[in-house]
*Asks:* 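Encoded as structure tokens, here's the structure I'll be asking about.
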Amino acid sequence: MKISIQKYYYGDFGGEEKASGEEIKKTTEETAWPLWEIFIRSKQGLDHKHAGSLHAADAAMAMQNARDVYTRRQEGVSLWVVESKYIHASNPDEAGEMYEPAVDKVYRHPTFYEIPDEVGHM
Amino acid sequence: MQIHDLEKTFQEKIDKEIKIEPKDWMPDAYRKTNVRQISQHAHSEVVGMLPEGNWISRAPSLKRKAILIAKVQDEAGHGLYLYSAAETLGTSREQMIDDLHSGKAKYSSIFNYPTLTWADMGAVGWLVDGAAILNQVMLCRTSYGPYARANVRICKEESFHQRQGFETLMVLANGTPEQKAMCQDAINRWWWPALMMFGPKDSESTNNDQSMKWKIKRKTNDELRQQFIDMAVQQVKVLGMTLPDDKLVWNEDRKHYDFGEINWDEFWSVVKGNGQCNKQRLDARKKAHEEGAWVREAAVAYAKKKAARLLTKVA
């Protein structure tokens, strides 16, 4: 039995030329879009949580792109978009001064206190 | 602190499985390696849309067309997650895209092979996405936080890609003699390039040692490749097809399958730009970028105009 497979050499087949680093058009400041951070509420009653970031020309486009990129599988019911430049982050080099004072204050946790069992749940 | 001390503290964090975050101190080489690897991964997702995009208009049914569109759209999203992760290291989207277009940055060589029949969509899903998933599952635990998180997101979406590919092949494998032959032909053409996706042998790879020490990678090229082969040998039986390697045989001592020699000359030739589609892929990316320039400019102009109007209203 003769079997023939039709192969489509026209659609997806390259030329003989080698790929090379020819002159390319650089992207300029004019066309670069600012960066936005995306926060998603996965369902009613939960916090918005950071999901990732993307570039967009303005808030409306950031919202549209966030919907297309981050909620294709029903990941959310609400979106926040914030331009990244407005986020102020703590400095990891100062993490010691910032967070260590909490380390030795065990009395802030309920397990620090001994209560007799007969008191029940407290 | 001296650089030496900083490097010591950095390595201690890595050894203790503490993730590195964007603002943390890191050695220059760690930053560079991550930028290179993450941007290359991103470019692979973006260029990876092309061989499949080729079949959207020729998919055999509306169902298959919808699936293919969804898959290609996912890949655009994966590219975006990864570009964003790379940007946290101080590079810009524009720089990365310029580097791709100039040929300075690489993408996975697998996408320089053509997709010639519909069965290729199945083989690409099963083998190419299958190989990519093994790598990405490992990268969910990579030491750089943003890259790890991007991979977690990718892996959640990627498993449908492999399953739809395998299912596509199953349909062909149960079809007419022509469809069966087409299925086997696609597997034959994609098998060896898929094995090359894991990169050079450990003994020849220059980046392996340091990347393992920094836990950017968790498994070596050869380990991942072996894992892939062991799985594929079982899966191909379900299809009732064969893999094009007569040296594939179970090795009781190693508890793995032995396999034939990969054609490394072909591998390096495609990496260096001589694959069947290298030029076509880059041309398509450059064309899309250049022809989309006016859209990007118009969006910026529109955003500026709207912002200006808002100011006038307030005033």
Side-chain angles (χ1 to χ4, degrees), chain A residues 1-38 50-62 64-66 68-73 75 83-84 89-95, chain B residues 21 23-25 50-51 54-55 58 70 73-74 76-77 80-81 84 87-88 92-95 97-98 101-104 112 114-117 119 149-150 153 156-157 177-178 180-182 185 272-283 286 289-290 293 296-297 299-300 302-303 306-307:
Chain A
M1 185 175 55
K2 189 174 170 291
I3 292 172
S4 74
I5 304 169
Q6 188 180 6
K7 295 187 181 176
Y8 293 81
Y9 283 97
Y10 55 84
D12 195 34
F13 206 77
E16 294 298 302
E17 256 178 291
K18 183 177 163 180
S20 65
E22 57 202 76
E23 197 54 40
I24 53 149
K25 206 173 156 191
K26 297 262 180 200
T27 315
T28 59
E29 282 290 307
E30 280 303 295
T31 57
W33 295 344
L35 189 65
W36 299 74
E37 300 301 323
I38 312 304
H50 186 239
S53 47
L54 51 78
H55 289 271
D58 59 18
M61 186 194 273
Q64 186 68 48
N65 289 354
D68 289 344
V69 177
Y70 291 105
T71 65
R72 287 198 306 282
R73 290 179 175 78
E75 287 92 340
E83 204 176 332
S84 309
S90 61
N91 184 348
D93 296 339
E94 290 161 8
Chain B
E21 294 295 343
K23 290 185 147 196
D24 296 347
W25 186 90
L50 298 170
N54 179 44
W55 280 91
R58 283 183 270 144
Q73 193 187 18
D74 275 353
L80 182 138
Y81 305 155
S84 300
E87 282 171 69
T88 63
S92 70
R93 182 80 56 97
E94 292 73 33
Q95 183 64 53
I97 288 174
D98 287 346
H101 293 176
S102 73
K104 188 180 162 207
N112 291 319
T115 48
L116 302 178
T117 71
R149 292 191 286 275
R153 201 169 278 282
K156 273 188 201 159
E157 302 182 349
E178 281 83 2
K180 283 181 183 163
M182 192 163 82
D185 170 71
K272 289 185 180 126
N274 300 311
Q276 292 169 342
C277 297
N278 291 58
K279 179 167 172 16
Q280 188 185 350
R281 298 290 183 243
L282 266 191
D283 285 350
K286 282 192 258 187
H289 192 67
E290 281 162 16
R296 294 191 295 277
E297 284 161 23
V300 170
Y302 179 66
K306 263 201 319 187

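Chain A is the first sequence line, chain B the second, and so forth, proteins listed ahead of strands; every chain is numbered from 1. Because the structure is a prediction, the values reported are computed rather than measured.
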*Asks:* Tell me, please, which residues at least two apart from B:R153 pass side-chain hydrogen bond (donor to acceptor under 3.5 Å, both in side chains).
*Replies:*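 So B:R153 forms no side-chain hydrogen bond (donor to acceptor under 3.5 Å, both in side chains) with any residue.
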*Asks:* Check B:V300 against A:A57 and note the closest heavy-atom contact, atom names and distance.
*Replies:*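 Smallest interatomic distance, heavy atoms only, reads N-CB, 4.1 Å.
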*Asks:* Looking at B:E87, B:K156, B:E21, which makes the most heavy-atom pairs under 4.5 Å with chain A?
*Replies:*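 Option with the top pair count is B:E87.
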*Asks:* Of the backbone (N, CA, C, O) and the side chain (C-beta and beyond), which part of B:D185 lies under 4.5 Å from a heavy atom of chain A, both, or neither?
*Replies:*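 Side chain of B:D185 only, per the 4.5 Å heavy-atom cut-off to chain A.
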*Asks:* Side chain from CB out, backbone as N, CA, C, O: work out which of these in B:N112 comes under 4.5 Å of a heavy atom of chain A, or both, or neither.
*Replies:*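 Neither; nothing under 4.5 Å.
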*Asks:* Show your reasoning for whether side-chain contact (heavy atoms from CB on, under 4.5 Å) applies to A:R72 and B:E157.
*Replies:* CA-CA 10 Å; A:R72 287 198 306 282; B:E157 302 182 349; 3.2 Å; yes
*Asks:* What part of B:R149 gets closer than 4.5 Å to chain A, counting heavy atoms only: side chain, backbone, both or neither?
*Replies:*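 For B:R149, neither part sits under 4.5 Å from chain A.
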*Asks:* Between A:V69, A:D68, A:N65, which residue shows the highest count of heavy-atom pairs closer than 4.5 Å to chain B?
*Replies:*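 Going by pairs under 4.5 Å, I would pick A:V69.
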*Asks:* Specify which of A:A56, A:A51, A:G52 makes the most heavy-atom pairs with chain B at under 4.5 Å.
*Replies:*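 Ranked by heavy-atom pairs under 4.5 Å with chain B, first place is A:A51.
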*Asks:* If I measure from the heavy atoms of chain B, does A:A95 come under 4.5 Å with its side chain, its backbone, both, or neither?
*Replies:*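 Neither part, no heavy atoms under 4.5 Å.
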*Asks:* Could you check which of B:S92, B:A307, B:S84, B:A119 has the highest count of heavy-atom pairs closer than 4.5 Å to chain A?
*Replies:*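 Option with the greatest count: B:S84.
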